[in-house]
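First up is the structure itself, then whatever we jot down about it.
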Amino acid sequence: MKKFFAQAYIWLLLAILYAPILIIVIFSFTEAKVLGNWTGFSTKLYTSLFSGSVQHSLIDAIQNTLIIALIAAAVSTILGSIAAIGIYSLKGRKKMAINTLNNIPMLNPDIITGISLFLLFVSFGVTQGYATVILAHITFCTPYVVLSVMPRLQQMNPNLYEAALDLGATPGQALRKVLIPEIKPGMISGFILAFTLSIDDFAVTIFNIGTSGLETLSTYIYADARKGGLTPELRPLSTIIFVTVLILLIIINVRSQRAAKKKEVL
Amino acid sequence: MNESNFIIELKHISKSFGDKVVLDDVSLFVEQGEFVTILGPSGCGKTTLLRILAGFGMADEGEIRIEGKEITDTPPHLRPLNTVFQRYALFPHLNVYDNVAFGLKLKGVKKDEIDERVNKALKMVGMTDYEWRDVNSLSGGQQQRVAIARAIINRPKVLLLDEPLAALDLKMRKDMQMELKQMHKTLGITFVYVTHDQEEALTLSDRIVVMNEGKVQQIGTPTDIYNEPVNSFVADFIGESNIMNGTMIKDKLVSFMGNECECVDVGFGENVPVDVVLRPEDLILSAKTEGFPFQGTVQSCIFKGVHYEMIITTTTGYEIIAQNYKPFEVGTLIGIDIEPSNIQVMKKERLFNTFEGEMIDSTHVKMLGDEFVCNAVPNVEGGEKVTVKVDFDKVDLQDNKEDGTIVGSVHFILYKCDRYHLTVHTEDGENIYVDTHDVWDDCDIVGVRIDPDDIQITLE
């Protein structure tokens, strides 16, 4: 009996968590304009999403989102990895201080990050647009990359880098041939994390996107919803994004599990 | 080449981390083809010395030369030596072949030659047919073999080994010791080996460098170090030994354990306090007591495979350890003798504690970072620099650190057959040497008290 309640509780919790997403997924397979009406199974919304019958601005928004996410993720992966190596080689109090400084931006509410970046750009007279959004995304993604690369460095045998130098590698070669291959899994996880964070972001983006008409997916949906009623094609789009994120998350988890197993063998 | 025959010259190397002096004026010269072991307890600076030699750490002071060429400031990748690390440090993302070939590939050696040399190196360490294996799938011993192959393939002038066998189990360690010794012979490369295992050091080395607290204690062949330790630290660290206080009466006559014995040592002077070392296997035991210089009662007798190990209390109150092929029953009184040549006499490093101090007023002296009450010193106003002398047995250690004037931690315990000789580290980094009958453990925190009567002050 006790077990039954425990199980039921878990399922109830999962149902509450996933109900909103499930509703979107289910209603993406019907044609009804208003969310909540079921007019029979159809994949028409999916075809119209890709056939270009939707407004051009939605496609633009998707494109912008992906480009921004790719650039932001790539740059923050590089910056974050370099920072992680730097922090790793620090010692004692300094290391702790920098680690804490790295963690604060992650705990900082997005809205504060957004406003402060907005003020920064304004005070430097930077015109808001593509560049400011990318810079903003790099800013909040980098600490996450540091956080995912750090454990790889800490698990690493501290003599590896020295062993490479000992065998005649210059510091640069040791970095390329030994250190980077060692932290690569962390870098990839960091990249994926940064990518999803960037796609997902609304609060920081809205403050830094400017007024030139640039839209990302999140700002587009927001504007669309405020105009009254969501464009029906957003349902299949949400479904696709959800599934993509799900797959990425599964990849990250499988990777980290495999890494853990490999460690156990050692 | 140059005028010196030494392949490695370390001259006056000093190194500190913060306030802590890790290496204090260490000099070492190694000849071409030698197997030199740096031996010492953990924290004695041996690994730091090796890292400075490899170039992973820089010395604060001193000079390093290899084949006469100065390399003090040369970065590690340009030094003609290779290292085998304690935890192997194989590159996990590369297989055995690529690990071993790492150095040659960097040098741009041709593929055919790399193939040939990798095969040869793997054959040398008995790892043929493992080329394509993932290094993570290998056992500890196999990984260490690959690590050795990876180092020797570069034909270094010197091979540095940092406790390479410490992570292996006993059986594997013994096998690898023999193989390393064989490899050293075949390759003709100079080996510098770091270990805390005295048995390993005695087995492998041509010469041993015993280190403690950042200083070289003794350099010599294994037999020298074992038979003629220069101080009580070396005698205690290498092998089992009975170390006790004695007095050199005159040349070739020493008194210890309540009797005078003939010995072979000369040149200490007359009536000089010394340390006497007796190796357990050198003691001659007999059921007869008559005519023997010492008598004692057997306290315990344990079979150790080849010999029996006995703890014997002498009639004069000393507790000694002895090894014998024949057992004696517990409780029997036996006679003990020793050959004159087996009595090792050592000069004492110090006879009493000396501290630098400063008078506060005529009855208070500041030393060891705190104020001590002393007997009134005449004509003192305060501020005078003084030297304070305290006998070893006049330092009083207290369980509760609150009961002492200052706090210290027990650091090195030497059993001297009728007493313990302790080294106590004070909080501001000075050493107090204490003779006591109480049992203390390493790292015990103690309160240190000194009776005013026992503080002997000399004005400078």
Side-chain angles (χ1 to χ4, degrees), chain A residues 77 81 84-85 88-97 148-191 255-266, chain B residues 17-18 47 50-51 53-57 74-94 98-109 134-140 143 146-156 158-164 167:
Chain A
T77 301
S81 304
I85 294 171
Y88 171 72
S89 59
L90 288 177
K91 286 201 169 57
R93 238 198 226 146
K94 238 190 209 161
K95 187 174 191 166
M96 260 183 25
S148 65
V149 172
M150 213 51 181
R152 294 290 312 182
L153 282 166
Q154 266 149 2
Q155 282 167 22
M156 192 180 76
N157 182 334
N159 292 137
L160 280 188
Y161 178 72
E162 288 172 353
L165 295 181
D166 188 70
L167 293 165
T170 62
Q173 286 171 323
L175 186 74
R176 275 204 316 280
K177 288 177 194 280
V178 174
L179 211 58
I180 290 182
E182 269 304 288
I183 62 170
K184 212 154 100 198
M187 288 171 71
I188 293 171
S189 303
F191 179 87
R255 285 181 69 94
S256 62
Q257 251 172 32
R258 232 186 256 155
K261 245 187 215 153
K262 212 170 170 187
K263 258 212 116 204
E264 259 169 49
V265 174
L266 279 175
Chain B
F17 292 121
T47 296
L50 195 79
R51 289 177 59 80
L53 188 52
F56 304 139
T74 309
H77 63 276
L78 299 176
R79 296 190 181 195
L81 21 86
N82 285 113
T83 310
V84 176
F85 294 89
Q86 182 179 351
R87 286 167 59 219
Y88 325 130
L90 294 177
F91 305 127
H93 63 286
L94 300 177
D98 288 329
N99 260 286
V100 177
F102 192 88
L104 296 184
K105 280 187 181 165
L106 284 171
K107 287 193 192 83
V109 177
D134 182 0
V135 292
N136 300 311
S137 69
L138 303 179
S139 72
Q143 290 195 35
V146 176
I148 293 168
R150 183 179 70 174
I152 60 176
I153 197 170
N154 303 296
R155 298 174 183 152
V158 178
L159 187 65
L160 308 177
L161 301 107
D162 183 11
E163 307 218 22

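Chain letters run A, B, ... following the sequence lines, proteins first and then strands; every chain starts at 1.
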Which heavy-atom pair separates [X] from [Y] by the least distance, and what is that distance?
X	Y	result
Pro158(A)	Arg87(B)	CD-NH1, 3.6 Å
Ala89(B)	Ala163(A)	O-CB, 3.9 Å
Phe102(B)	Ala169(A)	CE2-CB, 4.3 Å

*Looking at Ile153(B), Leu106(B), Leu104(B), Leu138(B), which one has more heavy-atom pairs under 4.5 Å with chain A than the rest?*
Leu106(B)
*Look at Leu78(B), Leu90(B), Asn82(B) and state which one has the largest set of heavy-atom pairs under 4.5 Å with chain A.*
Asn82(B)
*Measure the OH-CZ distance between Tyr161(A) and Phe91(B) for me, rounded to the nearest 0.5 Å.*
11.5 Å
*asked:* Nearest 0.5 Å, please: how far is CG in Asn159(A) from OG1 in Thr83(B)?
replied: 9.0 Å
*Should the heavy atoms of other residues, nucleotides or ligands under 6.0 Å from NZ of Lys107(B) be counted, would the total exceed 12?*
yes
_N/O donor-acceptor pair under 3.5 Å between Asp166(A) side chain and Ala54(B) backbone_ = no
Run the side-chain donor-acceptor check on residues 173-189 of chain A: report pairs under 3.5 Å with partners two or more places apart or on a different chain.
from	atom 1	to	atom 2	distance (Å)
Gln173(A)	OE1	Thr170(A)	N	2.9
Gln173(A)	OE1	Thr170(A)	OG1	3.4
Ser189(A)	OG	Pro185(A)	O	3.1

_Partner set under side chain to side chain donor-acceptor pair (under 3.5 Å) for Arg51(B), not counting sequence neighbours_ = Glu162(A)
